[in-house]
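Worksheet for the structure shown next.
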Amino acid sequence: QVQLDESGGGLVQAGDSLRLSCAASGRSFANDAMGWFRQTPGNQREFVAAIRWSAGSTYYADSVKGRFTISRANADTMYLQMDSLRPDDTAIYYCAVAKQGDYCAQYECFVSMASFDYWGHGTQVIVSS
């Protein structure tokens, strides 16, 4: 059974940094892309970043480009380094595994939740001003 566990969220001040982690288990994800989404109350879940480990490619939403860095330590562990945090980064952050193989190879594909098969339960990030 596939399971994704996020950690690293918390309460920080504007300008601070946080690193989120996602641990995946249940099968090998070496050939699958992974990503981060976030959601605030009353809004749809929005794409933050994705990584195709096999291709060494990363994709970012414009709102986080230059401040957030997505990476993978291995096939089962993913990170989101968040620097220069702003109050509008406050959200629940979810990690996700994309459909198997090279399902997505372009940004436009990764921004859709439908491109991802598995989701974690989320970790809360609160950025105070």
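One finds the CE atom of M82 at 11.5 Å from the CZ atom of R19 (value rounded to the nearest 0.5 Å). Put simply, CG on L18 and CD on Q81 are 8.5 Å apart, with the number rounded to the nearest 0.5 Å. Note that the CZ atom of F47 and the CH2 atom of W36 stand 12.5 Å from one another [nearest 0.5 Å]. With rounding to the nearest 0.5 angstrom, the CZ atom of R86 is 13.5 Å from the OG atom of S129. Of the inter-residue distances, the one linking S28 atom OG with N74 atom CG reads 9.5 Å to the nearest 0.5 angstrom. How far CD1 of I126 is from CG of L85: 12.0 Å, rounded to the nearest 0.5 Å.
Linking ILVMFWY residues whenever their side-chain heavy atoms come closer than 4.5 Å, directly or via other members, leaves I92 and L11 in distinct clusters. Cluster annotation: V111 and V48 are assigned to distinct hydrophobic clusters (Ile/Leu/Val/Met/Phe/Trp/Tyr, side-chain heavy-atom contacts under 4.5 Å, transitive). W119 and V2 fall into different hydrophobic clusters, where Ile, Leu, Val, Met, Phe, Trp and Tyr side chains are chained together by heavy-atom contacts under 4.5 Å.
Between R52 and D102, some side-chain heavy-atom pair lies under the 4.5 Å cut-off. You'll find the side chain of I51 reaches within 4.5 Å of the side chain of M78, heavy atoms only. Inter-residue side-chain proximity for V97 and D117 is flagged as unmet; no heavy-atom pair is nearer than 4.5 Å. With contacts defined as side-chain heavy-atom distances shorter than 4.5 Å, the pair R72/F29 qualifies. In this structure, the side chains of Y94 and L4 stay at 4.5 Å or more apart for every pair of heavy atoms. D32 has its side chain within reach of R27: a pair of non-hydrogen atoms, C-beta onward, lies under 4.5 Å apart. The shortest side-chain heavy-atom distance between E6 and L20 does not fall under the 4.5 Å cut-off.
In terms of heavy atoms, A24 sits closest to M34 at CB-CE, 4.3 Å. Shown here for L80 and A49, the closest heavy-atom pair between the two residues is CD1-CB, 4.3 Å. Minimum heavy-atom separation, A91 to T40: CB-CG2, 3.7 Å.
Remark: the backbone N or O of T69 is not paired with any side-chain donor or acceptor of Y79 at under 3.5 angstrom. The closest donor-acceptor contact from the side chain of E46 to the backbone of R38 lies at 3.5 Å or more, if one exists at all. With hydrogens and angles disregarded, a donor-acceptor distance shorter than 3.5 Å links the side chain of S115 to the backbone of C109. At least one donor-acceptor pair closer than 3.5 Å links the side chain of R67 to the backbone N or O of S84.
In this structure Q124 satisfies the side chain to side chain donor-acceptor pair (under 3.5 Å) test with no other residue, sequence neighbours excluded.
Between Y59 and F110, the ring planes are tilted. Angles from 30° to 60° get that label. Ring orientation note: the planes of F68 and Y93 are tilted relative to one another, at an angle of 30° to 60°.
In this structure, F37 has its ring center closer than 6.0 angstrom to the ring center of F116.
By the neighbour-count criterion of 12 heavy atoms within 6.0 Å, atom CD of E108 is densely surrounded, having more than that number from other residues, nucleotides or ligands.
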